[in-house]
Amino acid sequence: RSKSSRRGSITVYEESMAKISARFETVRNELHHAIERNELFVVFQPLMEISNSGVAGFEALVRWDSPRLGSVSPVEFIPLAEKTGLIDAVSTVVLKHISSQIRDWKRRGYCVPPISFNLSPSTLENVDGAEKFLIQLETYGLCPGDLVLEFTETAVIHNEEVVAENIRVLARHGFRIALDDFGTGYSSLENLYKLHISKLKIDKSFVFKIKGSVKHANIVRGLISMARSIDLNVIAEGVESEDQLEMLREWGCDMAQGYIFAKPMLPADAERYLEAA
Ligand code: C2E
Ligand code: MG
Ligand code: MG
Ligand code: MG
């Protein structure tokens with residue numbers, strides 16, 4: 001390779017890095033205002049009981065419609081919020097939305113199943129994270145029965161002891177805990193029984209492949225049977241086809257979440273999945 005072509009590729013690399021960091025700065029600045037200007041809102045996706053197709057709960061998922069940037073995916077802005085210290089403010093907005101939505105649904109006579117909330121890693125990694133979180137829930141009138149708390153394995157690789165203790169505190173207060181995106185992180189199988197979790201969510205990247213790959217099918221079937229043997233409730237995320245649902249049913253998976261049933265929906269659409277109390 002000549003010097004000039006090497007210089008050329010470095011320039012291209014530098015340009016794309018510059019673009020990435022410019023986007024990061026823009027999104028960071030906008031997100032800061034978005035929180036104050038109420039641009040964040042929450043959508044709800046049903047978790048279905050596979051055996052009887054009943055609604056077992058909803059997962060609350062944050063959305064951001066920015067007047068300047070358009071709709072920004074949480075896949076982009078949640079990691080950014082975690083890096084820039086904005087995640088606690090985002091979590092607070094989400095909790096407020098969940099709390100007022102539950103109150104509204106109850107007032108209007110609906111029977112409201114537990115709402116799954118995605119814990120931020122900071123809540124579990126800080127020494128007094130669980131205590132602070134419990135105080136916040138009390139402020140918003142949220143009880144253990146109202147919520148399922150989801151966390152991802154990536155939180156577990158840092159401060160393992162602190163994470164375990166925070167989970168213990170939350171579980172002791174009666175909250176159900178779900179290990180989210182299982183299979184994508186670095187968590188050991190040991191975490192499944194050491195941590196005080198009651199639910200396991202198998203990541204959609206595995207579920208997507210169970211029809212086309214025998215290996216993935218075997219992994220997911222094995223995970224389900226292992227989880228059930230230690231009394232964990234198993235949820236498959238990202239279920240999109242009848243074939244996938246049928247395989248999961250056969251393997252004894254408890255619940256499914258995915259486009260085959262419904263996409264995340266605005267409250268007015270989600271409430272069609274609720275029954276009168
Ligand atoms: P997650 O907690 O694993 O949420 C499941 C994601 O899978 C959601 O993406 C959901 O829309 C998507 N999904 C569900 N069913 C299907 C399906 O059948 N097919 C496909 N292709 N996708 C499906 P979403 O809403 O984009 O959220 C992405 C991630 O962002 C979440 O993954 C979660 O880690 C994070 N996130 C979302 N809302 C919040 C929040 O309020 N707080 C925190 N801390 N993180 C959040
Ligand atoms: Mg989740
Ligand atoms: Mg998940
Ligand atoms: Mg996921």
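Index from 1, following the sequence. Note that ligands are numbered from 1 as they come in the structure, with each ligand's atoms numbered from 1 the same way. Nothing here was measured: the structure is a model prediction, and the numbers come from that model.
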- Message: Assess the residue pair Asp269 and Lys263 against the criterion (salt bridge (Lys or Arg N to Asp or Glu O under 4.0 Å)); give the C-alpha distance rounded to whole Å, side-chain angles, the decisive distance to 0.1 Å, and a yes or no.
- Response: CA-CA 10 Å; Asp269 296 309; Lys263 292 199 170 177; over 6 Å; no
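Remark: side-chain polar atoms of Arg228 are paired, donor with acceptor, to backbone N or O of Gly252 under 3.5 angstrom. A distance-only check finds a donor-acceptor pair linking the side chain of His173 to the backbone of Val169 [under 3.5 Å]. Checking side-chain atoms of Asp254 against main-chain N and O of Val234 turns up a donor-acceptor pair under 3.5 Å.
Every heavy atom of Glu82 sits 4.0 Å or more from the atoms of ligand 1. Heavy-atom separations between Phe208 and ligand 1 include at least one value shorter than 4.0 Å. In this structure, Arg63 is part of the shell of residues with a heavy atom less than 4.0 angstrom from ligand 1.
Sorted by first then second residue, the side chain to side chain donor-acceptor pair (under 3.5 Å) pairs that include residues 79-88, not counting sequence neighbours, are Asp88-Ser122.
A donor-acceptor contact under 3.5 angstrom links the side chains of Lys201 and Gln257, judged on distance only. Between the side chains of Arg221 and Ser225, no donor N or O sits under 3.5 Å from an acceptor N or O. Asn118 and Glu59 are linked by a side-chain donor-acceptor pair at a separation below 3.5 angstrom, with hydrogens and angles left out of the test.
No part of Lys201 comes within 4.0 Å of ligand 1, judged by heavy-atom distances. Contact annotation: for Val94 versus ligand 1, heavy atoms closer than 4.0 Å belong to the side chain alone. Of all the heavy atoms of Leu61, the ones lying under 4.0 Å from any atom of ligand 1 are found in both the backbone and the side chain. When non-hydrogen atoms are compared, ligand 1 lies under 4.0 Å from the side chain of Asp180 (C-beta onward) but not from its backbone.
Geometry at the Mg ion (ligand 3): OD1/Asp180 and OE1/Glu237 form an angle of 120°, nearest 10 degrees.
When you scan the N, O or S atoms of Glu59 for the one nearest the Mg ion (ligand 2), you land on OE2. Asp181 contributes OD1 as its N, O or S atom closest to the Mg ion (ligand 3). When the N, O or S atoms of Glu150 are ranked by distance to the Mg ion (ligand 2), OE1 comes first.
Ligand-side atoms of ligand 1 in range of Asp181: 3 (O), range being under 4.0 angstrom from any heavy atom. The atoms of ligand 1 that sit less than 4.0 Å from any heavy atom of Gly258 are 15 (N), 18 (O). Taking every non-hydrogen atom of Glu240 and a distance limit under 4.0 Å, the qualifying atoms of ligand 1 come out as 17 (C), 18 (O), 19 (N), 20 (C), 21 (N). For ligand 1, the atoms sitting less than 4.0 Å from at least one non-hydrogen atom of Glu237 are 3 (O), numbered in the order shown with element in parentheses.
For Ala81, the side-chain contact (heavy atoms from CB on, under 4.5 Å) partners at least two apart in sequence or on another chain are Leu31, Leu86, Ile87, Val90.
For the side chain to side chain contact (heavy atoms under 4.5 Å, CB included) with Ile167, the lone residue among Ile177, Leu119, Asn191, Leu179 that qualifies is Ile177. For the side chain to side chain contact (heavy atoms under 4.5 Å, CB included) test with Met255, the passing option among Glu237, Met48, Glu49 is Glu49; the others fail.
Aromatic ring pairs are classed by plane angle as parallel below 30°, tilted from 30° to 60° and perpendicular above 60°; the pair Phe44 and Phe58 is perpendicular.
Not a single N or O atom of Thr152, backbone or side chain, sits closer than 3.5 Å to an N or O atom of ligand 1. Residue-to-ligand polar distances place Glu59 within reach of ligand 1: an N/O pair is separated by less than 3.5 Å. Ligand 1 has no N or O atom lying under 3.5 Å from any N or O atom of Gln257, backbone or side chain.
The nearest N, O or S atom of Asn118 is closer to the Mg ion (ligand 2) than 2.8 Å.
When the heavy atoms of Ile78, Asp88, Val42 are ranked by distance to atom 35 (C) of ligand 1, first place goes to Ile78.
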